[in-house]
Every structure is written in C-alpha cells, then in structure tokens.
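Take a look at the structure set out below.
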Amino acid sequence: MTDSAPSNPDTSAGSPPRRVVLVDGSGFIFRAFHALPPMTSPDGTPVNAVYGFCTMLMKLREDTKPDHMAVIFDTKGKSFRNDFFADYKAHRPPPPEELVPQFGLIRDATRAFNLPSIELEGYEADDLIATYARQAEAQGSDVIIVSSDKDLMQLVTDKVQMFDAMKNRTIGAAEVMEKFGCAPDKVIDIQALAGDSVDNVPGVPGIGIKTAAQLIDEYGDLDSLLERAGEIKQPKRREKLIENADLARISRDLVTLKTDVPVVEDLDGFDLKEPDPEVLLSFIASHGFKSLLSKVKAKFGGDVEFESPTQPGIGVNEVKVEKAEYELVQDEERLKHWVAQAEYLGTVAVDTETTSLDAHQAKLVGVSLSTEPGNGCYIPLGHVSGEAQGGFDFGDNPAESKDTPKQIKLERAIEILKPLLEDPGVLKVGQNLKYDMIVLARHGITVAPMDDTMVLSYVLDGTSHGHGMDELAELHLDYKPIKFADVCGSGKTQITFDQVPLDKALDYAAEDADITLRLHRLLKPRIAQEHMASVYETLDRPLVPVLAQMERLGVKVDAEILKNLSEDFAKRMASLEITIHEMAGEPFNLGSPKQLGEILFNKMSLPGGKKTKTGAWQTGADVLEGLAALGHDLPVKLLEWRQLSKLKSTYTDALANHINPQTGRVHTSYGQTNVNTGRLSSNDPNLQNIPIRSEEGRKIRTAFVAEPGHKLISADYSQIELRLLAHVAEIEALRTAFKNGEDIHAATASKVFGVPIEGMDPMVRRKAKAINFGIIYGISAFGLANQLGIPQKEAKAFIEAYFEIYPGIRTYMDEAKAFATKHGYVRTLFGRNIHISGINDKNGMRRSFGERAAINAPIQGGAADIIKRAMIAVPDALLDAGLKTRMLLQVHDELIFEAPEDEAEKAIKVIRDVMENAAHLSVPLIAEAGIGDSWADAH
DNA sequence: AACCTCACG
DNA sequence: GACGTACGTGAGGTTC
C-alpha cells in the first residue's frame, strides 16, 4: 500500500460503513397506521403508527446491526416530478385524520432515538433513499432499505436489498422477480409500461405487469421496444404502443428514482449513535408506550418514571386537545389560581390581545396564559359590550355600557400578573414576545426572563421558512390554529379584538398561548442539540428586550421640518414636470416607467433601450444616466424629478404619518427574524434607509432631532466588514494595513495599481474601494465593470491583481463555496448558521447566486453578530456609568443615541469602548462617533 | 399581487 | 456561445 487513493476505501481517512440502513419513514407510517389497532397517548393523540415505528426501530437496531442508519421522509407538497407531470400523485386522498398528527410525532421519535431525520423539499423520500443507497454502494457498503414499496425495488442489487419490517421479510432479486417478473434493473421499464394507478403514473393503456415483463424480456429494454414496436404481432398491442410511446417515456421519467439529489446531510453523519436515555424515555413515557419503556431501559439505561407526563419532554409534540380545558378567567380568584400554577411549574406561555398591530398605541384587551400543553386561559380585560359588537354605535362610550361583559379590572389584573411576569424564577414564553413586552411595558411590567418561539425558530432554521405562529404550528404540530381573520374578519368589516365575544376570544387567545408553549417544548431542546446555544443565549435572546426598549423610546422627528421639505420638493417637482412634458411634446405620468419607456425609446427613438424579462423598457437610474451622458436632457430632468418624488413620498410624507401623536416620536419596529444573514431589518417605518448619499436626501436627516437639552450621538463601525474579512480569511497584508491604521482603500489602490498613497488620484482610490466592496459581495468581473463603468477585461485584470496582493482571499472564497455546497449553509465566527439557497441548484445562474451569497454571508452575518453583542452590552454599560444616555436606533454598523447635553462626551467614551471590544479579532475594531442636534449633524 | 424603482448598509 | 449577476433589506407607485 503506497498511497491512500480515495478509490481504496479501506485506507481512506474515515473507513466506509459495512452496513447502511435506510428507513423509508413515510412509507412505514402509512402501513403501520393501517396494520395496527388504534392507540392513543395520555392526552388523546392517536399514536398507533408512532408506536409501531418505535418498536420497529428498536428491533432494527437489534436485528440488522447497522453501522449507519437514517430515517427518510417525504416532504409536504409537490416534488420535482410535478414540474413535468402535473397529475403525478394528484388523486391521492388526504391522509386519515388520526394519521395527521402522527407525521410530526414520527419525526420526533426519530430524533429521540438520536437518528438523523432526513427530508428535502422538492424530493420524495424514495429519491433521497436512492441517492444515499447508490452513494453507500459506491463505497462498498451493504445497504438495507427498510420498506416494502415496489417503487424502490429498482434499487436492488447484490449490495442493496430491501426489508419489509411489517412482514419481517427480506426483498432481494428473487422477490423482485416474483413481483415484476424481471430483474431489478428492468423494473423501471416494466413500471413505465404498466403504469401505476395509485401514483397516477399513466403507462401504456392495456398493458399490465405481465405483458410488460413479457415484452421487455423479448425486446431487452423500453427504448428498443418502442423503436421496434412495429414488429409486434398483436395489432391492438402494436397500435397502443406506437400511439403511447411518449406516455411510456414520461412514465419512465416518473418512476425513475433520482440518484443525484443534492442532499444536505452527509452519509458519514449517519453513523449510529446511542440515544440519550433521558430523551428517549421521556418521549416514550409521554406517549404512554408502557411496554417499550422497560425494553428501552434495559437496553439503554436511564430511569425516567412513567408517571411524569408533564416533564418538559424533549421533542414532545402533543397536538390540540379539548377546548373544554381552556378557561375564561373573569374573577380574581381564578386569575390567582393560574398565577400560582405558573409560579409552581416555573414556565408559562403568555400572549396579549390588543386593538392594534402598533404596540405603542394598542389598547390591552386581554391576556392569555398556558402552563402545560393542552391547557390555557384567557383573561379578558378590555372587551366591550355585545351591543357595540359590529353595530353602528358611535354615540356611546361602549366601555361604560351596562352590557360590558364581566371581567377583572385592568389595573387589578396588572397588579396580580406583574409579580409573575417579573419573577426571575419563572420563564415567560411568547411568540414574537417583543410586541407583548412593549404593550406590557406601557402598563409598568418588565417581562423577564423570557424565551421567544419566533426567535428560537429563526436561530434554528434561518429563513428556510417563515416564523409566524400559524406557520410554525402547521409545520411542527400539524395543526392549523384559528386564524385572526376568522375571529375578527378582514378588510372593511374587520373589527378590533375588544369587540370579539368572549367565547370566541377564549378559543382563539387561549389556543395561541397553548400552541406557543407546545412550540417551545419542541424548539427549545433543539437549541442545545443543534449547538445553537451560544447564538441564542448570548445574541438573539438577550437582544429581544434591548430592541423592545429601543422601539419604545423611538426617535424624535420634527414634523415642521418635514413639512417644509415636502413643500419645497413639491414645487420643484411641479416645475420639472412642466419642463419634461414640454421636452416630451406631450403630457405623461412621470411616475410610470411604462409611459416613460414609450416616450424615450418609441417616440424619441433614443438608443440603447433594453427590456426587462417581462418585456417592459428598462428605465432605471443607470439607463437614464447613460442617456444623459449622451447629451439628452429629458433623462437628466427626469432623474431629478425621480429623486424628489422618492424623497417626498417615502420620506417627508410617509415618515410624517409615522410620528406618534402621543410621543411626537417615530417608533420603528425591528425585524429580528427576517434577514438570512442575521442582520436586523426595520419597518413601519424603515429607519435603516433614511437618505444620506445625496445632498438633497441628507436634508431628511435634519428632521431627526434630540429633545431640548439633549444631543444625538451617532457611532459607527469603521470598515467592519473588511476587517472581518481580513480576520476570517487571514489576509496578512490587509491585517497589517488595519493594524497600522491606514486608509484601507488608498492602501489597496497603492498595492494594486502601484502608485504612492501621497497625492493619489481620487479616481484610483475609488476603483480600489469598489474592488474592496466587490470582494465582500463575491466579486465578478461583470459586476465590477458595471460598477465602475469600465470594460470587463479591465475589471478582470484588477481582480487578478487584487488576488495577487491579498493571497488568502481566493482560498477563503473557495472554502466558503465548498462548505456551503457540502452543508447547504455557512457559519459566522459566532456560530450562526446561514442557509444558502440555490448552492446546489442545477441552474448555473442560481448556483452562482448561491456561491456569492456563501462568500458574503459569513462577513455580513459576522458583522451583524458583533453589533448585536455591542447593542446588548451598551445599555448596561451606560447605566453602570451612571448616564442617562439612551440607545435609539441601529443601522447595521451604526448606533444612534440620545444624550443629555452635559453627558454626551462621557457617553461617547463608554459607547466606543463597548463597541470596539464587542469582539476581539486579529485586527482592531474601530468605532467613530459624532455629536449633533440632528442626525445630519451627528453623522 | 406583481413589477419597477430606489433609499440604506 | 448565451445567459445575466455584484451581498442584504423595505417601501411607494403603477399596472394588471
């Protein structure tokens, strides 16, 4: 043995498994459900298939002695087969009601056994199994596919066999012959001809398995058969085959399993691990599988008692039980009972019902609590009378009507709830709890400690799916909650929650708390299991109260300044409009790209018109600038008009409408779970895109002001992304430049273009700056050329030169791409996983997108992590320093504060110190700060 | 609701 | 050889 070539499995680093067991989880659950008598868990959930699954897994581990094992599932929804054959599996009836909740439970069971639970959107379990089976086979392993599905029989070889776990029967070539009358490698052709009514595979009419086998036996394979169909003696059969040749080919495509699915999980990761007895036992106990309990104890140890169904089980996934368990709380005594219960158990789900999505103006209407899955209560506090409900009763004050439903006085309920919600010994769980925290803060309650199921879901799953409660409930609990619209209606007839009758309000509100608690039990254990504890516990969870506080404070915006700007913009727009109409020779809507395109490229026949993929003329700023450079005046004026129009509608006018009349301030809402890379987003209004780049736009910032006697402080990280790049990509030359405090763009320019920093042409520096940014975005020659307005060839040369100067960049990029390709995600310095979609797409363009995203994500995401660390630490540091300075806004690399005038300088010292020490990299972090009366001045 | 355009980091 | 790209967002206006 002289080398360890990969072709020799025995000497390569991780030797391949001898036996790989792939369990068709989706196939099993259907068969087990029909084969086993009904069973229910203590809370009434049907669990017979789950029980069958657990016993099967126990038995398989014993009997097959696998080295590697995984359970593979179908995903909901369509697969790629529907792309070319819409009717595929279209006639399947929906699964029986008792089976539905078991889909989620069986995945939980898989995890409880510490086995990989594998599924991939757009692919069926069969394709994943095919892919893994062929991979394992290629490594020389024996494969056992646990399934009796005939669709998998095409995979059988001398290394791959199937096992029917219900009948305890092995399926090899002989059994395939029995079923299809042919060898496994001909199964596809047989199925293509015979079709399959269950899966809605058409096949050739009039040909069944028998005939198909006979034909394939005679002609060898499907293609030869279809080619030589004319030779068939029986006229009917001959005709059918010629007529339906295409149908046969489509059928073949449908039944052929995909063996090159871009799987995310590696076969190596399927190596069999022992389950954690605690986890497994609590799962089994909570579902009432008594007979299994002792077997599991005997095999794996552990001592969870059966009589502990309320133990916060891991992967516990109860579904909805009786609504009767939801309680309407209308007197203090019952409320105190619920508070005592929550205090005793130490965890409580909390949800508030209000009259508005705007937490700063919403009226508190009620609070719901849940202490254990299946229970819940609703405490109405601000519901109005039945008379007012849906009526036209504008005259009376409904709150004082005689018919006001019985409810605890708001102030009294707050008094009773406050100690619970502030008790450091009781965990409060919420879905988007930031909203409730703001509402409750207005009633003097500071909720802590807390967990947020929305944030948990985001940390675990990124933006691969949404994190709204309805979506999470459907995904994890297989349950569709009552919709808000079902209770309050929608559109014009929508009512506010205070008008909802109490019985309906109870069903809806208590259910929300109940579901939140269930989701928490499901998601929280995954944080540790999936190694996200640091990201969740040190970054995203502690950020929630920080954001809530920032949103509560808001920022003062001077309506008068906005109004004056708006009027100024309006006048100039009107005059531009006249000029442009004259130039065009006819009036048109300047805001309509469609009409503008007509004027420019049809009527005036200006050159260089390009169309978008929907066939519309492109009239973006870059196009208009191009035309302007050719000496055309209309585009110049139109660009001016567009700028003013944007500023007026989006900023002066819309922003003014967001000023809260009570506070005179604007309260944005930060999205903590919207951005793939871990950044925050800002909405209603978006305060992260207030103009600054243009002189006109910058004026908007003069309207963001401090209270009298106060100053605004703006502190921003200098070049944080490039510094992070220098650190993670270990680029020595870049590190040195940062350590020496050089102007990084000038330093780059000097190295790339070989010119001295002294007296550098600003254009040269600009080019280097564009390259520096381009690198962070996953540079391409096309993109850089576009950005700089230079030939692509020149851009390419720059990039080459850059790679020469900063070796390490290329390695970083290659490694980021390779990691993303292998895992489907990349990771930041702080352990946040960022899912990269499209990285394994067969479409080259989508794949390139993924590759650029893979390069950018660790940088952008790492910077986001760092400023989050700073944001968590700064408020405490200010308090510790005895300062009244408050953090108001975050704009990705910038933090805005409002400070009493006389402490502003002191505050800057504290802020900069915290920001610069938020992470310790191999390059210094620098935060620069400014003070001013407005945001424009502070920057 | 989709599309275009444009504001920010 | 053509495709059509810089990374990440949110929002307003027009059009269908």
Side-chain angles (χ1 to χ4, degrees), chain A residues 463 588-597 610-624 638-639 641-655 657-658 668-671 674-694 696-698 700-701 716-717 719-722 725 770-788 792 795 799 816 826 834 836 838 843-861 863-864 867 889-895 935 939:
Chain A
T463 46
F588 68 101
N589 184 347
L590 302 193
S592 162
K594 192 182 157 159
Q595 292 177 34
L596 175 64
K610 270 197 277 186
K611 296 211 171 172
T612 63
K613 59 174 177 269
T614 52
W617 289 111
Q618 282 183 1
T619 68
D622 49 339
V623 175
L624 298 189
L638 202 110
L639 281 168
W641 183 89
R642 272 204 184 151
Q643 188 195 16
L644 295 174
S645 166
K646 175 83 175 179
L647 293 175
K648 181 171 185 301
S649 65
T650 308
Y651 297 105
T652 60
D653 297 356
L655 193 55
N657 290 331
H658 278 286
T668 185
S669 175
Y670 286 102
N674 295 339
V675 184
N676 198 26
T677 54
R679 273 190 177 182
L680 299 177
S681 70
S682 158
N683 59 62
D684 299 307
N686 183 354
L687 294 186
Q688 291 182 323
N689 70 348
I690 301 303
I692 189 167
R693 291 173 189 171
S694 75
E696 286 301 325
R698 196 184 293 241
I700 304 285
R701 296 198 173 210
D716 68 298
Y717 280 113
Q719 308 293 354
I720 187 168
E721 294 196 346
L722 271 178
L725 175 70
I771 308 178
N772 276 334
F773 274 104
I775 292 292
I776 293 170
Y777 296 151
I779 203 155
S780 76
F782 178 93
L784 183 63
N786 226 10
Q787 184 68 30
L788 286 174
Q792 226 181 108
I799 296 169
V826 291
I834 300 168
I836 305 293
N843 176 314
M845 211 176 69
R846 280 201 282 272
R847 205 169 51 242
S848 303
F849 255 122
E851 288 174 357
R852 291 195 295 269
I855 291 164
N856 174 261
I859 309 290
Q860 187 182 118
I867 200 165
L889 302 174
Q890 187 249 44
V891 192
H892 307 308
D893 64 356
E894 175 190 12
L895 296 173
W935 196 358
H939 211 283

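Throughout, a chain's letter reflects where its sequence line sits, starting with A, and its residues are numbered from 1.
- Rounded to an integer number of Å, the gap from CD1 of A:I855 to C1' of C:dG8 is 15 Å.
- If you find the closest nucleotide of DNA chain C to A:N856 and to A:M845, the one lying nearer the 5' end belongs to A:M845.
- For A:N843, the side-chain contact (heavy atoms from CB on, under 4.5 Å) criterion is met by A:D841, A:M845, A:R846, not counting sequence neighbours.
- Taking OG1 from A:T668 and CD from A:Q890, the interatomic distance works out to 10.5 Å, rounded to the nearest 0.5 Å.
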* Secondary structure of DNA chain C in dot-bracket form (Watson-Crick or G-U wobble, distances below 3.5 Å, | marking inter-strand pairs) -> ......|||||||||.
Between the protein and nucleotides 11-13 of chain C, list the N/O to N/O atom pairs that are separated by less than 3.5 angstrom.
from   : atom 1 : to     : atom 2 : distance (Å)
C:dA11 : OP1    : A:D684 : N      : 2.7

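- The side chain of A:S592 lies closest to C:dT14 when the candidates are C:dT14, C:dA6, C:dG10.
- In this structure A:R642 satisfies the side chain to side chain donor-acceptor pair (under 3.5 Å) test together with A:T619, sequence neighbours excluded.
- From the 5' end on, the contacts that DNA chain B makes with chain A at under 4.0 Å to a non-hydrogen atom open and close at B:dC3 to B:dG9.
- Residues passing the side-chain contact (heavy atoms from CB on, under 4.5 Å) test with A:S848 are A:R852, sequence neighbours excluded.
- With sequence neighbours left out, the salt bridge (charged side-chain N to carboxylate O under 4.0 Å, His left out) criterion links A:E696 to A:R572, A:K699.
- Within 4.0 Å (heavy atoms only), A:R693 reaches at least one base atom of the nucleic acid.
- As rounded to the nearest Å, C:dG1 and B:dC6 have C1' atoms that lie 34 Å from one another.
- Counting only residues at least two apart or in different chains, side chain to side chain donor-acceptor pair (under 3.5 Å) contacts with residues 772-784 of chain A comprise A:H745-A:N772, A:T748-A:N772, A:N772-A:Y802.
- When each of A:Q618 and A:R679 is assigned the nucleotide of DNA chain C with its nearest heavy atom, A:Q618 is the one assigned upstream, toward the 5' end.
- By the 5.5 Å and 30° criteria, A:F849 is not stacked with the base of C:dT5.
- Looking at heavy-atom distances under 4.0 Å, A:A770 makes contact with a base.
- A:S681 is linked by a side chain to side chain donor-acceptor pair (under 3.5 Å) to A:N674, counting only residues two or more places apart in sequence or in another chain.
- Atom name C1', nucleotides B:dA7 and C:dC3: the rounded distance is 29 Å, in whole Å.
- Looking only at distances, no side-chain donor or acceptor of A:S669 sits under 3.5 Å from a matching main-chain atom of A:D684.
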Expected list for residues 589-596 of chain A: side-chain donor-acceptor pairs under 3.5 angstrom, two or more places apart:
from   : atom 1 : to     : atom 2 : distance (Å)
A:N589 : OD1    : A:G591 : N      : 2.8
A:S592 : OG     : A:K594 : N      : 3.4
A:S592 : OG     : A:Q595 : N      : 3.0
A:Q595 : OE1    : A:N589 : N      : 2.8

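- Partners of A:A616 according to the side-chain contact (heavy atoms from CB on, under 4.5 Å) rule, which considers only residues two or more places apart in sequence or in another chain, are A:T612, A:T614.
- Atoms NE2 (A:H892) and P (C:dG8) sit 13 Å apart, rounded to a whole Å.
- At the heavy-atom level, A:I776 lies nowhere under 4.0 Å from the strands shown.
- Residues meeting the side-chain contact (heavy atoms from CB on, under 4.5 Å) test with A:D653, sequence neighbours left out: A:S566, A:K648.
- Using P as the reference atom, C:dG4 and B:dC3 are 15 Å apart when rounded to the nearest Å.
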